[in-house]
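Only one structure is covered here, and it is reproduced in the block below.
Note that ligands are numbered from 1 as they come in the structure, with each ligand's atoms numbered from 1 the same way. We number each residue from 1, following the sequence as shown. Owing to the predicted nature of the structure, the values given are computational and were not obtained by experimental measurement.
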Amino acid sequence: MTDAKIIDGTLFSATLRERIQAQVRDMRDLHHVTPGLAVVLVGEDPASQVYVRTKNKRALEVGMKSFEHTLPADASEHHVLNLIEGLNDDPEVHGILVQLPLPRHIDSQKVIETIRPDKDVDGFHPTNVGRLASGGQAMVPCTPLGCAMLLKDHLGDMKGMNAIVVGRSNIVGKPMVQLLLRENCTVTIAHSQTRDLAAECRRADILVAAVGRPEMIRGDWIKPGATVIDVGINRITLPDGAKKLVGDVCFAEAVKVAGAITPVPGGVGPMTIAVLLRNTLVAASRLHRLPVPEAEGLV
Ligand code: GUN
């Protein structure tokens, strides 16, 4: 069998960002509105600092305003909530993202619930979670929406396909299930307590892996010809001491069996920030009652 087609998230996300840049320019020229994204980081976690810096850089590249708020690790919950309330009321801010995880003394759920739902570009507020589940006008979490865009682009109509989502997090697994249901897939959600995970995976035409365990999903778990979306980004140390990024799927094995697969890096990873920019543009459009750009016909 020939190797799987590689789904190129780097290319897809670059095209999406170019389109967003043109839409931002139109919005500014025609309606005098510049979308603004505020990112809040509490503490000095190096990985989070890199993410936040990249988000700001990408927002500026497409012509948006970017507001970065960095608070010390010992900032009080009250301080964070006050900052969010200010951003909720700021007319220049259309999207608010609080980088997770937060330090343990801060209640993440309370922070998420303080963000105005129409500025919640992460789609984590219960109002948006509920709207996604019940078919309303939601802000949709960035990583699963990026996965759904890649699937739609590769497969087109997904009606009646068997899909499995491995992992049940609020950030990826659960919203991914909702997006696949919207596409009329028959969806299984698997997790750490699932019996015979390999057998469940072998039934799937679409497999989305979001468990955070390096190379857990093996080649012989995959149905021949299936489409595999690997959300995992795991840093491992090789026997010679070198570091390497791997996904939740054993790529070298899976590429021999699947019909198409996302690589790590260069698959789902770059989609997340591109969709964050898209969500910010959507939030700005809705807040100013302007036409809302489509997400590949998905939401
Ligand atoms: N930390 C890891 N992924 C995410 C995400 O999608 N949004 C936020 N806010 N924090 C994260």
Using a strict threshold of under 4.0 Å (side-chain N to carboxylate O), is an ion pair present between [Y] and [X]?
X	Y	result
Lys256	Glu253	no
Asp220	Arg218	no
Lys110	Glu77	yes
Lys223	Asp205	yes

Practice item. Can you sort out which atoms of ligand 1 are near Val98, meaning under 4.0 Å from one of its heavy atoms? Key: 8 (C), 9 (N)
Exercise for review: Heavy-atom contacts with Leu97 under 4.0 Å: which atoms of ligand 1 show up? List them by number with element.
Suggested key: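 Near Leu97, the atoms of ligand 1 are 9 (N).
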Point to revise | Residue portion contacting ligand 1 (non-hydrogen atoms closer than 4.0 Å) for Leu100 | key: both
Exercise for review: Write down the atom of Gly9, the atom of Met271, and the distance for their closest heavy-atom approach.
Suggested key: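 Of all heavy-atom pairs spanning Gly9 and Met271, the closest is O-SD, 3.9 Å.
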Check your understanding: Do Val40 and Leu83 have side chains that get closer than 4.5 Å, going by heavy atoms?
Key -> yes
Review point. Out of curiosity, is Phe124 lining ligand 1, as in a heavy atom under 4.0 Å away?
Key: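 It does, in that a heavy atom of Phe124 comes within the 4.0 Å cut-off of ligand 1.
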Review point. Is there at least one pair of N or O atoms, one from Thr272 and one from ligand 1, spaced under 3.5 Å apart?
Key: no
Revision key, fill the gap. among protein heavy atoms, the one nearest atom 5 (C) of ligand 1 is Asp122 OD1, 3.9 Å
Practice item. Look at atom 4 (C) of ligand 1 and say which protein heavy atom is nearest, naming residue and atom and giving the distance to 0.1 Å. Key: Ile171 CD1, 4.4 Å
